[in-house]
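Worksheet for the structure shown next.
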Amino acid sequence: MKRTQHCGELRAAHVGQKAILMGWVHARRDLGGIVFIELRDREGNTQVVFDPQHNKPSWELAQSLRSEFVVAVEGFVRKRPEGTQNLKLPTGEVELLVDHLEILNPSETPPFQLDETGSAQANEELRLQYRYLDLRRPSMTKNLKLRHRVAKAARDYFDTNGFLEVETPILFKSTPEGAREYLVPSRVNPGKFYALPQSPQQFKQMLMVAGVDRYFQIAKCFRDEDLRADRQPEFTQIDVELSFITREDMYALMEGLLATVWLAARGEKIPTPFPRMQFLEAMERFGSDKPDTRFGLELVDFTKEFAQSKFKVFRGAVDSGGVVKAINAKGLASVTQGQIETLTETAKSFGAKGLAFIKVEGGEWKSPIVKFFNDEEKKALTEKLKIEEGDLILFGADKRETVWEVLGRLRLIIAEILKKEGKLKVPEDQWNFLWVIDFPLITYNPESKRHVATHHPFTSPVVEDVPLLDREPTKVRGQHYDIVLNGVELGGGSIRIHQPELQKKIFEQVLQIPPEVAQSRFGYMLQAFRYGAPPHGGIALGFDRLCAILCGTPNIRDVIAFPKTAKAVDLMTNSPSEVEPKQLRDLHIKLDVEDAG
RNA sequence: GGGGGUGUAGCUCAAUUGGUUCAGAGCGCUGCCCUGUCACGGCAGAGGUUGCGGGUUCGAGCCCCGUCACUCCCGCCA
């Protein structure tokens, strides 16, 4: 038997034709005299009918069918009797009357039910253990398909625009800057290791030196860091690099890509060009470099107003060079003491000394601090925060970075609370794309007491800021850009340094990497740049995150066929696992762990 | 490394303050009945070391300690 159609294909137009379908028994409805089977494959469901008056042997065999049996059915397509059409199914106008049934493979009773209309979904641990069953569920199949369509649209887009897809090595060199790497021991080079790439960054820059001009890759990347709902140890990036471009070229290119992808995946037109926001503005208004601009709750500055305040906490912050900012949590005066405590704890965990607040209730400001405010200060607050009955005002007064961080986090928490209480609507299908630009090239890290690259050390400074590199490196802006969507960092990139002297200066003078270390890690790069490296720049988008957003799930595991748990374990294959002593001997590795197997 | 949540039947969950619903419901599963169902229906039935180990108590699914797994967050992710 050879399959003639898939299970989502038959329509009224096929009525009268012979058809052979193959698939899984999705549901069995045995009415005693007549048996209905809903047959499922990747493309959909079709009702097949076993009628003893039509074909007795098939009907008899159909008694033994159970969930998830794999079967082939041969029969003819007929219109369902009047009144029995199922408008919920695309194939619901017709059914297949079976002449011949073949059980290709029986199935044990699945550990969880695969239908999605009935009982609630099984927990994720079980789903991951039996991922091959979980992926049969139509909602997961839908995610796999959407992911494919996005990848296909991206490939076509890049192809149309003159890009070459080039694969880069998975076995790479260890470069301990940045994320922790997965190491791979080399058998033929005892004691030496490869590392799996955190990204193809250095290779794609070498491809530019190689004259590839326009490169892209849908690239696997690896980071041995702790996981999150939106972070897996191995993940996929849409990786892009071009020669002879400016930032403006990059914005237009990526806007075109995302518009293409949204059209392909969701059939939606998204407006381009995307708005742009400077890093400083994002931090001042939203307390985040990836602001969700779908709702307000913006940070409002009161540094000037409280510079002479009698309230010592605010005045002290201003006197020592800090800022005073506030947000109005509209309608949250109903906040409980417990919630205030939680918010205060959150604020403290991000470096605040406390959390000053005002509840506006019953026409008065209820707050332990309001007695310190004079009329002018109250007036400024009322006007700039548009204070009304029922509002809750939260303050941050500290170093400006601390206030950004604290109020930025509180803003998101408050939005969640307001959403739950129905006081704030954040549309899920509104797409607020945003370029965040003009990041500082260099950030001072107080813990290591040295300057670090905000993005990565290959990012080119803004040309007119280069003279500041020696005197005030943190004032230098980088030619870096992030693409943000609804508060999620979709990706980022930069125009790169292509001059060997400037690159060497960044490594050695600014980032204080010892020359011999810079030479051993990046020497080949500095050398390559001496052989006519074109000006170039690139970007990388988080492909899993992109797909998750398009699928409407907050969890990237839902768009990855075989993801790992929060402890980086694959529950289906039980990896990682112990290895044979011989394997370790071959690799010249001795273990130093308790309970080693 | 730290903090929060969860763990009871194959699955999803319930079980008032520790004590007459000390193990229950729906779905699934098994058997029987049923010729137009599509969340089919009806009848009957099987199925439990309440994650694991300890402790407190006259008595623990519930309280305490430890541990394991999953999950969310912080740190981390150039």
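We name chains A, B, ... by the order of the sequence lines, and we start the count at 1 in each one.
Both A:Ala453 and A:Gln85 lie near RNA chain B, and the one whose nearest nucleotide falls closer to the 5' end is A:Gln85. Between A:Phe350 and A:Val452, the residue anchored closer to the 5' end of RNA chain B is A:Phe350, taking for each the nucleotide with the nearest heavy atom.
Taking a 4.0 Å limit (strictly below) on heavy-atom distances, residues 493-505 of chain A does not reach RNA chain B anywhere. Annotation: proximity of residues 473-491 of chain A to RNA chain B (heavy atom, distance under 4.0 Å) is found for no residue.
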All N/O donor-acceptor pairs, side-chain side in residues 481-489 of chain A, below 3.5 Å, sequence neighbours left out:
from	atom 1	to	atom 2	distance (Å)
A:Tyr481	OH	A:Ser494	N	3.4
A:Tyr481	OH	A:Ser494	O	3.2
A:Tyr481	OH	A:Gly538	O	2.8
A:Asp482	OD1	A:His480	NE2	3.1
A:Asn486	OD1	A:Asn432	N	2.9
A:Asn486	ND2	A:Gln430	O	2.8

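Screening A:His26, A:Gln47, A:Arg29 for a side-chain hydrogen bond (donor to acceptor under 3.5 Å, both in side chains) with A:Glu38, the sole residue that qualifies is A:Arg29.
With sequence neighbours left out, A:Phe458 forms a side-chain contact (heavy atoms from CB on, under 4.5 Å) with A:Gln201, A:Gln202, A:Gln205, A:His456, A:Gln503, A:Phe507, A:Phe522, A:Met525. Not counting sequence neighbours, the partners of A:Glu177 by the salt bridge (Lys or Arg N to Asp or Glu O under 4.0 Å) test are A:Arg521. Residues that satisfy the salt bridge (Lys or Arg N to Asp or Glu O under 4.0 Å) test with A:Lys475, not counting sequence neighbours, are A:Glu472. For A:Arg78, the salt bridge (Lys or Arg N to Asp or Glu O under 4.0 Å) partners at least two apart in sequence or on another chain are A:Glu95. Residues satisfying the ring-ring contact (aromatic ring centres under 6.0 Å, His included) criterion with A:Tyr444, sequence neighbours excluded, are A:His451. Take A:Phe172 and apply the ring-ring contact (aromatic ring centres under 6.0 Å, His included) test, not counting sequence neighbours, and it matches A:Phe203.
Comparing the C1' positions of B:C65 and B:U71 gives a spacing of 23 Å, expressed to the nearest Å. Remark: the separation of the P atoms in B:A23 and B:A60 is 14 Å, to the nearest Å. Distance noted for atom P between B:G54 and B:A14: 27 Å (whole Å). Distance check on atom C1': B:G10 versus B:U30 gives 13 Å, rounded to whole Å. Annotation: B:G28 and B:U20 have their C1' atoms spaced 31 Å apart (nearest Å). On the C1' atoms, B:G61 is 5 Å away from B:U50, given to the nearest whole Å. For the P atoms, the distance from B:C27 to B:C40 is 11 Å, rounded to whole Å. A distance of about 35 Å separates the C1' atoms of B:C72 and B:U21, rounded to the whole Å.
Out of B:G75, B:C11, B:A78, the shortest distance to the side chain of A:Gln201 is found at B:A78. Checking B:G10, B:C76, B:A78 against the side-chain heavy atoms of A:Gln198 singles out B:A78 as nearest. Side-chain atoms of A:Pro81 lie closest to B:G36 of the nucleotides B:C27, B:G36, B:A78.
Side-chain atoms of A:Gln47 come within donor-acceptor range of the base of B:U37, with a qualifying N/O pair under 3.5 Å. No hydrogens or angles were tested; on distance alone, a donor-acceptor pair under 3.5 Å links the side chain of A:Glu95 to the base of B:G36. A:Arg127 contributes no side-chain N or O that forms a donor-acceptor pair with the base of B:C11 under 3.5 Å. At a cut-off of 3.5 angstrom, the base of B:G36 holds at least one donor-acceptor pair with the side chain of A:Arg78. Between the base of B:C76 and the side chain of A:Arg223 there is no donor-acceptor pair shorter than 3.5 Å.
The aromatic ring of A:Phe112 does not stack onto the base of B:C11, failing the criterion of a centre distance under 5.5 Å from the six-membered base ring together with planes under 30° apart.
Here A:Leu89 lies out of heavy-atom contact (under 4.0 Å) with every strand. As judged by a 4.0 angstrom heavy-atom cut-off over every strand, A:Glu108 is placed among residues making no nucleic acid contact. Nucleic acid contact class of A:Arg137 (heavy atoms, under 4.0 Å, all strands): none.
Close to B:C74, at under 4.0 Å from its OP1 or OP2, lies a side-chain N or O of A:Arg409. Between A:Arg29 and B:C40, a side-chain N or O to OP1/OP2 separation shorter than 4.0 Å is present.
Between the side chains of A:Gln217 and A:Asp239, no donor-acceptor pair of N or O atoms lies under 3.5 Å.
A distance-only check finds a donor-acceptor pair linking the side chain of A:Thr91 to the backbone of A:Asn45 [under 3.5 Å]. The closest donor-acceptor contact from the side chain of A:Arg137 to the backbone of A:Leu114 lies at 3.5 Å or more, if one exists at all. Between the side chain of A:Asn55 and the backbone N or O of A:Asp99, at least one donor-acceptor pair lies under 3.5 Å.
Contact of the A:Glu181 side chain with the A:Pro197 side chain is not registered, since no non-hydrogen atoms from C-beta on lie closer than 4.5 Å. Between A:Leu96 and A:Val49, every side-chain heavy-atom pair lies at or beyond the 4.5 Å cut-off.
Here B:G7 sits opposite B:C68 as a Watson-Crick or G-U wobble pair (both hydrogen-bonding atom distances under 3.5 Å). With a 3.5 Å ceiling on both atom-pair distances, the Watson-Crick or G-U wobble partner of B:G41 is B:C33.
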When you check every protein heavy atom under 4.0 Å of nucleotides 42-49 of chain B, what one-letter string (B, S, -) results, 5' to 3'? --------

Return the polar atom pairs (N/O with N/O) between nucleotides 30-35 of chain B and the protein under 3.5 Å, or none.
from	atom 1	to	atom 2	distance (Å)
B:U30	OP1	A:Arg66	NE	3.0
B:G31	OP2	A:Arg66	NH2	3.4
B:C34	N1	A:Leu31	O	3.4
B:C34	O2	A:Leu31	O	3.4
B:C34	N3	A:Asp30	O	3.3
B:C34	N3	A:Gly32	N	3.4
B:U35	OP2	A:Gly33	N	2.9
B:U35	O4	A:Gln53	NE2	3.0

Check nucleotides 67-72 of chain B for protein N or O atoms closer than 3.5 Å to its own N or O atoms and list the pairs.
from	atom 1	to	atom 2	distance (Å)
B:A69	OP2	A:Lys567	NZ	3.2
B:A69	O2'	A:Glu125	OE2	2.5
B:C70	OP1	A:Thr565	OG1	3.3
B:C70	O4'	A:Glu125	OE1	3.2
B:U71	OP2	A:Ala566	N	2.6
B:U71	O3'	A:Arg557	NH2	3.3
B:C72	OP1	A:Arg557	NH1	3.4
B:C72	OP1	A:Arg557	NH2	2.7

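With respect to A:Arg127 and A:Asp134, a salt bridge is recorded, a charged nitrogen being found less than 4.0 Å from a carboxylate O. Salt-bridge formation is detected for the pair A:Glu124/A:Arg557: a Lys NZ or Arg NE/NH1/NH2 atom is positioned less than 4.0 Å from an Asp or Glu carboxylate oxygen.
Heavy atoms of other residues, nucleotides or ligands lying less than 6.0 angstrom from CZ of A:Arg42 number 12 at most.
A:Leu441 CG to A:Ser460 OG: the interatomic distance, rounded to the nearest 0.5 Å, is 8.0 Å.
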